[in-house]
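Take a look at the structure below.
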Protein chains: 2
Amino acid sequence: MSDLLGRLRGRGWRMTSQRRVVAEVLDGDHVHLTADEVHLRAAARLPEISRATVYNTLGELVALGEVLEVSTVGRAKRYDPNARNPHQHLVCSGCGTVRDVHPVGNAIGDLPEEERFGFAVGSVEITYRGLCPGCA
Amino acid sequence: MSDLLGRLRGRGWRMTSQRRVVAEVLDGDHVHLTADEVHLRAAARLPEISRATVYNTLGELVALGEVLEVSTVGRAKRYDPNARNPHQHLVCSGCGTVRDVHPVGNAIGDLPEEERFGFAVGSVEITYRGLCPGCA
DNA sequence: ATCCTACGATGGACTTCGTCCAAGTCAAGA
DNA sequence: TCTTGACTTGGACGAAGTCCATCGTAGGAT
Ligand SMILES: [Mn+2]
Ligand SMILES: [Mn+2]
Ligand SMILES: [Zn+2]
Ligand SMILES: [Zn+2]
């Protein structure tokens with residue numbers, strides 16, 4: 001993420017304090033925050049930032065491919081800045097913690113031709129579920 | 001699903017016309033309806049059925065393991081009556097069509113020990129994405 | 001350094017999806 | 001047939017997210 005601001009400027013983004021602080025909040029490993037969590041942390045640095053701006057900025061980052069949306073079951077979407085490193089997710093069924101993982105197989109290849117219904121399969125998402133050490 | 005009503009009676013369910021019609025709507029292959037779609041189709045047979053009852057019944061069927069909740073990206077949950085046959089999903093990025101598929105690998109085994117972070121991994125969900133023949 | 005203006009920020013209304021509740025109804029056992 | 005507690009209902013409520021009219025400002029032009 002360290003070069004994110006530079007890439008965004010290169011794409012013609014007007015660099016505002018709001019966008020800067022959202023980008024700063026989305027930094028680190030295993031970061032999978034909800035929009036509200038991003039807003040909370042951004043507001044700690046920039047109290048006047050609005051929810052709408054956080055949603056707008058997250059949506060733009062997703063459209064640019066800089067951030068991934070992680071779908072959850074019945075909960076708020078989570079935003080994942082680790083978009084440059086393809087990975088999958090391990091989710092704790094107890095506390096909801098999300099970790100990035102890298103399985104070794106080729107899941108797309110595991111789908112037989114006769115199971116593809118003529119689709120052009122382009123990507124695969126894998127979610128592992130279980131209990132983390134703290135919740136076990 | 002044909003024996004669903006029998007199983008539910010065996011579990012002590014009071015058999016109402018509402019529950020019967022919801023169970024009837026959830027019949028067939030590759031069925032992945034939203035709660036609103038279930039309500040719409042149920043109301044075609046039983047006009048007075050309420051949204052609350054559809055949500056209640058779906059929630060009970062999920063709790064009993066008779067129906068699976070399928071998470072979608074930012075849209076309404078989908079309900080999958082094909083719970084007795086373990087499977088994964090192939091989703092069209094164009095029209096949203098969902099098909100049941102059966103990959104051949106062992107995805108859980110593909111997650112190396114050092115990538116498990118001490119979790120007790122119990123299940124894995126795989127979503128294949130691509131364009132269906134109609135959308136390609 | 002100042003000006004301009006189109007792009008971005010704001011907050012509040014609105015939508016969608018889902019939950020909750022008090023009151024009324026009815027399935028099924030006695 | 002009677003009784004009763006499980007089930008249903010409509011509407012209020014809540015959480016997550018979108019939309020929009022208006023205001024503010026980043027950054028190029030002068
Ligand atoms: Mn991730
Ligand atoms: Mn299915
Ligand atoms: Zn946990
Ligand atoms: Zn399609």
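Sequence lines set the chain letters: A, B, ... in the order given, protein chains first and strands last, and positions in each chain run from 1.
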- Note on the structure: Of Glu60(B) and Met15(A), the one whose nearest nucleotide on DNA chain D sits closer to the 5' end is Glu60(B)
- Taking only Lys NZ, Arg NE, NH1 and NH2, and the carboxylate oxygens of Asp or Glu, determine whether Glu66(A) and Arg84(A) approach each other closer than 4.0 Å. yes
- Is Gln18(B) near enough to dC26(C) that one of its side-chain N or O atoms lies under 4.0 angstrom from OP1 or OP2? no
- Message: Heavy-atom nearest nucleotide on DNA chain C for Glu48(A) versus Ser17(B): which residue maps closer to 5'?
- Response: Glu48(A)
- May I ask you to verify if any side-chain N or O of Arg19(B) is less than 4.0 angstrom from the OP1 or OP2 atom of dC7(D)? yes
- Message: How many whole angstroms separate atom CG of Leu46(A) from atom P of dT10(C)?
- Response: 7 Å
- Within the structure shown, what part of the strands sits under 4.0 Å from Ala52(A) by heavy-atom distance: base, sugar-phosphate, or nothing? base
- Note on the structure: To the nearest angstrom, the NZ-C1' distance between Lys77(A) and dC17(C) comes to 13 Å
- Note on the structure: Per nearest nucleotide of DNA chain C, the residue lying toward the 5' end, Ile49(A) or Arg9(B), is Ile49(A)
- Message: Any side-chain N or O of Tyr55(A) below 4.0 angstrom from OP1/OP2 of dT18(D)?
- Response: no
- Identify whether Val124(A) and Ile108(B) are in the same connected component of the hydrophobic contact network (ILVMFWY, side-chain heavy atoms under 4.5 Å). yes
- Task: Calculate the interatomic distance between Leu8(A) atom CG and dA26(D) atom C1'; express it in whole Å.
- Result: 15 Å
- Nucleotide dC17(C), atom P - distance to CG of Leu58(B) in whole Å: 14 Å
- Item | Nearest-Å distance for atom pair CG/P, residues Asn56(B) and dC21(C) | 12 Å
- ILVMFWY cluster, Val91(A) and Tyr79(A) together (side-chain gap under 4.5 Å): no
- Task: Measure from CH2 on Trp13(B) to C1' on dC26(C) and round the result to the nearest Å.
- Result: 17 Å
- Roughly, in whole Å, what's the span from CZ in Arg11(A) to P in dC7(C)? 18 Å
- Side-chain-base donor-acceptor pair under 3.5 Å for Arg14(B) and dC7(D): no
- Message: Any carboxylate oxygen within less than 4.0 angstrom of a Lys/Arg side-chain nitrogen, looking at Glu60(B) and Arg11(B)?
- Response: no
- Reckon Thr16(A) has a side-chain N or O less than 4.0 Å from the OP1 or OP2 of dA26(D)? no
- Query: Is it true that the side chains of His32(A) and Asn82(A) contain a donor and an acceptor less than 3.5 Å apart?
  - Reply: no
- Query: To the nearest angstrom, how far is Arg75(A) atom CZ from dG18(C) atom P?
  - Reply: 14 Å
- Message: Given the structure, check if the side chain of Arg51(A) and the base of dG17(D) hold any donor-acceptor pair shorter than 3.5 Å.
- Response: yes
